[in-house]
Amino acid sequence: MRSDNLLRRERLLHPLTAVSLALVILAAFVPIFGDRLMMNIAIMAMIYIILGHSWNLLTGLAGMFSITHALFFGLGVYGMSISVAKFHLPIIAGLLVGLLINIVMSAIVGMIGSKLSGLYFVMAQVGLSQTIYTLSIQLFPLTGGVTGLSMPREYLMDKSTLYWIALILAILTTLAFAFIRKSRMGTMFVALKENPDLSLSLGSNVGKWRIMATVMSASMASLAGSFYALFMMSNNPEVFSMVISLKIIIVVIVGGIGSVWGPIVGSSLVVMDELIRGIMPTTMAPFSVIIYALVLIIMAIRHPEGLISIGRSIGLKLEGKSMKKVSISK
Amino acid sequence: MGIDTFINIILNGILIGGVYGLVASAFTFQAGALQIVNFSYGSSTMLAMYLTFFLIKEWNIPIVFAVVILFALFFTIGWIMRRTILNNTNHGTQILTTMAVELVIINLVIIFFTGFPRDMAIFEKRINITDTISVGLTQLICFFLAAAVLVSFHLFLNKTWAGMSIRAVVQKKEIANIMGINSERIMDLAFSISYLIIAIAGIMLMTMFQVEPHFGNYMMTISFLVCVTAGIGNMGGSFLSGIIIGILSALITTLLGAQFHDPVLFGLFVLILLVRPNGLFNSSKRIARQI
Amino acid sequence: MIFMLLQISSLNVTLSGLKILQDVSLHINEGELVVVVGANGAGKSTLLRTITGLNPAESGSIQYMGKEIANQSPTTLPATGLCMVPEGRQLFPEMTAKENLLIGAYHYRKDSKRVANNLKKVYEMFPVLEKNADRIASTFSGGEQQMISIGRGLMSEPKILMIDELSLGLAPMVTEALFKTIKELNRSGISIMLIEQNARQALKIADRAYVMESGRIVMEGSGEELLNDDHVRVAYLGL
Ligand SMILES: Nc1ncnc2c1ncn2[C@@H]1O[C@H](COP(=O)(O)OP(=O)(O)OP(=O)(O)O)[C@@H](O)[C@H]1O
Ligand SMILES: [Mg+2]
């Protein structure tokens, strides 16, 4: 039954895989023939590849269900834009500020993740992410509020430079993910995901590994965010939004969770989305989000096992660490 | 700040808190009792608010009909959601798909109703308790209505065959089956009924708040806060902790300023989760006893 | 003429790739008290779960009153008079004793007179339940919980009551009383299929009995025959 589902899943993905690989290969040649629009699309795809690896590391490998991954991405964006636009620091400093904020935040998330599990961890993430989101709006003098900050023109880079940076970052994170997956650390992540009690017998500390996974994942997302700030030349609170978090998740799930190629294959969805949005008027933007959402819903309806196996490997149960089963009664 | 102002703030917090409690109770019922985690919860509430506004204010449908339409619609939405995407027991899948549903709802609202904030602009009649202390009439009505809904729901669960079979299915599905209860149908029914509560909560919220498409995120986090304070699955407790959160929220706004309201409240939520995930007033043993 | 109420022939059950029941055949006549004994893991519970439709039957037939019921949805059974008292009581833990009993009457819930009538009968049989009707089920003692579980089964007006491990974890005194109750129920006309670890007592009250080993029926006979059988004496009576 399991293998049957796996087969079905592969058959579904097959044409998609072909199309997506073609798109990715095309993307690599964009600067040669592409116009600005094409290059923008390719850059967006690269950003989602980086974010995909980042999520894949935390959820696919380490088994911590990151539901508000845009939090790390957004902090990267704000780290860069605030440093540069408010304090006129060099780009590298902006990058480091983003990383630093993210390390602090991910340590917190990792700590929560090693203490809480299941629904409680997810709810805590939503709470944290909402807190940061509202702060990004409220701390107007620092963040520029709802409209955000715009960065000085001297930081503007030309499109093909940005493209090459994105490509290099995407390749580097792909390699990093592949390396981590094969390394002792990666093996440890997977082992702990599959069997959290294992750590006790191995005498190692689950919390430590979980925090480590979160910090590494957040650092990747931070890179993507800082780069995105330079790409957009501004920030706004929407970088923390659920839409981005869900897009990241869909990109990986469509491509294959836990695999190195997953985010790369899945990023084709971003390419298609950007292509379609390029054609449609901006007022149609809500439709694009709906399409993403429908992709996920249809996948869930047609392949519950597919999504379920994710949930299973995440070990997502309502019964949290210290939670007894709750039932209704008098 | 005078003592009267203070009392006014507290009263106001209590009344709004009662409605928070109602909003949260449906989530706590879904997640705690039915074991269905619904992250489109906030946006469903938001949708109910928008529909209330449009049915009554824009399309001028008499209130009674508007409520009936809303109920029928939300019961159906609940039914369809349970039959299509929530007929699994995997919380991971449930969270992901309902988040997707949330995005669909938010964006459909933007498409059909635009992102423009809406407000019932009810002229608030105030009831004076003393010269300086007063409460809003709509708020007062909503508070008691919320309590009444929760009490009725409690009675429904405990005094009717349908309610009893819901509890039976939740507690021991297989045994309920061999006693002749079709557990799938019962779960559909229970989930649809929780959507009725969401519809009612939406109507009440619409009389107090201005709604915009992302209002659901706010309501969801408030619901989380309320649920976690009471312990997930504890419906009676969620009404009480709703009131506590209502008071707290009113105090934060007046003492610290509105801009700190959300961050402080949400930060508090994360803190409570870390310190007492089973609720502030609960041992994990007791919680299973309550509804 | 003897009327065969339940007839199982060549039943095979496979769960997660493991053959749990092999070629099981047995029957229950109307009014009989049939006992099935067997060691832990022999497949007794699986047999009952398969009859009620909680486990799928792989092959073979389960005929109840002349109708094939193998792989039927469990929800259809109580209305036909087939009811199981599951292993380990399996009460609805957070419901009151009374509510637990009422759930047994679910299939005729619209007929409130009938419900009240049956409830009264169960209360007469187990007065302790009437006194504590509004107590939460999980707070009752093991014996009392077994009474609730049997009562819940009786509420469904069974023709056959299939009881899994009546005496599991109960004190000898309590066990004895329950056995007596079962015998009385049987006399009142309810056919009974009783699964027991406590072979000696069970065989004493049995009309007929089966011995189950590793998923197969290895012996069949009257209660007395089996009580005197050498193999049974060694394996199940500890003699
Ligand atoms: N769902 C299942 N999947 C795989 N094996 C199962 C399943 N259910 C039961 N079994 C196995 O089937 C065998 C028979 O189990 P069953 O519960 O029917 O035994 P039993 O005779 O009732 O034992 P006991 O006296 O301990 O209650 C056991 O070895 C058990 O492990
Ligand atoms: Mg057994």
Side-chain angles (χ1 to χ4, degrees), chain A residues 65 67 108 111-112 115-116 118-124 126-128 130-135 137-140 242-243 245-246 249-250 253 285-287 289-290 292-297 299-301 304 307-308 310-314 316-318 320-330, chain B residues 29 31-35 37 39 84-85 87-88 90-97 99-104 106-108 110-111 157-158 166-167 170-171 217-218 220-221 224-225 227-228 231-235 259-263 266-267 269-270 273-274 277-278 284-285 287-291:
Chain A
F65 194 10
I67 198 79
I108 295 173
M111 219 167 64
I112 296 175
K115 240 192 114 173
L116 299 176
L119 178 62
Y120 290 90
F121 179 45
V122 172
M123 283 168 72
V126 172
L128 262 183
Q130 280 282 310
T131 312
I132 299 298
Y133 173 75
T134 48
L135 276 177
I137 295 175
Q138 304 294 358
L139 298 178
F140 178 80
M242 207 40 108
V243 180
S245 297
L246 219 53
I249 296 173
I250 295 172
I253 290 181
F287 284 107
V289 181
I290 290 179
Y292 267 107
L294 288 182
V295 167
L296 192 58
I297 292 171
M299 269 177 20
I301 294 175
L307 285 187
I308 280 168
I310 301 158
R312 228 178 249 148
S313 65
I314 291 164
L316 207 67
K317 283 203 213 99
L318 184 60
K321 217 167 163 185
S322 48
M323 181 70 183
K324 282 258 155 61
K325 193 175 150 110
V326 177
S327 57
I328 51 171
S329 69
K330 290 210 101 160
Chain B
F29 177 66
L34 306 181
Q35 298 277 307
V37 185
F39 273 58
T84 52
I85 53 171
N87 55 5
N88 59 63
N90 184 283
H91 290 317
T93 309
Q94 290 172 359
I95 290 172
L96 284 179
T97 45
M99 279 172 92
V101 170
E102 164 173 14
L103 290 185
V104 172
I106 291 177
N107 286 284
L108 282 180
I110 293 175
I111 291 169
L157 285 174
N158 285 291
I166 290 174
R167 291 162 57 214
V170 164
Q171 290 175 26
N217 290 345
Y218 170 75
M220 178 112 133
T221 319
F224 282 0
L225 177 56
C227 290
V228 166
I232 294 180
N234 182 350
M235 290 190 69
Q259 72 271 31
F260 288 106
H261 176 267
D262 294 7
F266 298 168
F269 162 60
V270 178
L273 260 184
L274 275 175
N278 290 317
S284 61
K285 272 207 202 82
I287 183 168
R289 295 280 149 72
Q290 298 166 337
I291 183 149

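Hydrogens, waters and symmetry mates play no part in the numbers below; they use all other heavy atoms, side chains included.
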Best-contacting candidate, B:D262, B:V228, B:I111, B:I106, against chain A by heavy atom pairs under 4.5 angstrom: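 With the most close heavy-atom pairs to chain A, the winner is B:I111.
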By side chain to side chain contact (heavy atoms under 4.5 Å, CB included) - contacts of B:A100 (at least two apart):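 Residues passing side chain to side chain contact (heavy atoms under 4.5 Å, CB included) with B:A100: A:L246, A:A293, A:L296, A:I297.
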Partner residues of A:V243 under the side chain to side chain contact (heavy atoms under 4.5 Å, CB included) criterion, sequence neighbours left out: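 A:S241, A:K247, A:V289, B:L103.
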Go through the atoms of [X] and report whether side chain, backbone, both or neither lie under 4.5 Å from a heavy atom of chain A.
X: B:F260; answer: neither
X: B:V270; answer: side chain
X: B:L108; answer: both
X: B:I110; answer: side chain
X: B:T84; answer: both
X: B:F224; answer: both

Contact origin within A:I67 toward chain B - heavy atom pairs under 4.5 Å: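 Its backbone and side chain both get close to chain B.
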Contacting region of A:I112 [heavy-atom separation from chain B under 4.5 Å]: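 Answer is both: backbone and side chain atoms of A:I112 are under 4.5 Å from chain B.
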Under 4.5 Å between any side-chain heavy atoms of [X] and [Y], yes or no?
X: B:I232; Y: A:Y120; result: yes
X: A:Y133; Y: B:N217; result: no
X: A:L119; Y: B:H91; result: no

Minimum-distance pair of heavy atoms, taken over all atoms of A:T131 and B:P263: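 What the structure gives for the nearest pair is CG2-O, 3.6 Å.
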Euclidean distance, A:M242 CE relative to B:F39 CZ, rounded to 0.5 Å: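 If I round to the nearest 0.5 Å, the distance is 7.5 Å.
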Interatomic distance, B:Q259 atom CD to A:I137 atom CD1 [nearest 0.5 angstrom]: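 One finds 13.0 Å between CD of B:Q259 and CD1 of A:I137.
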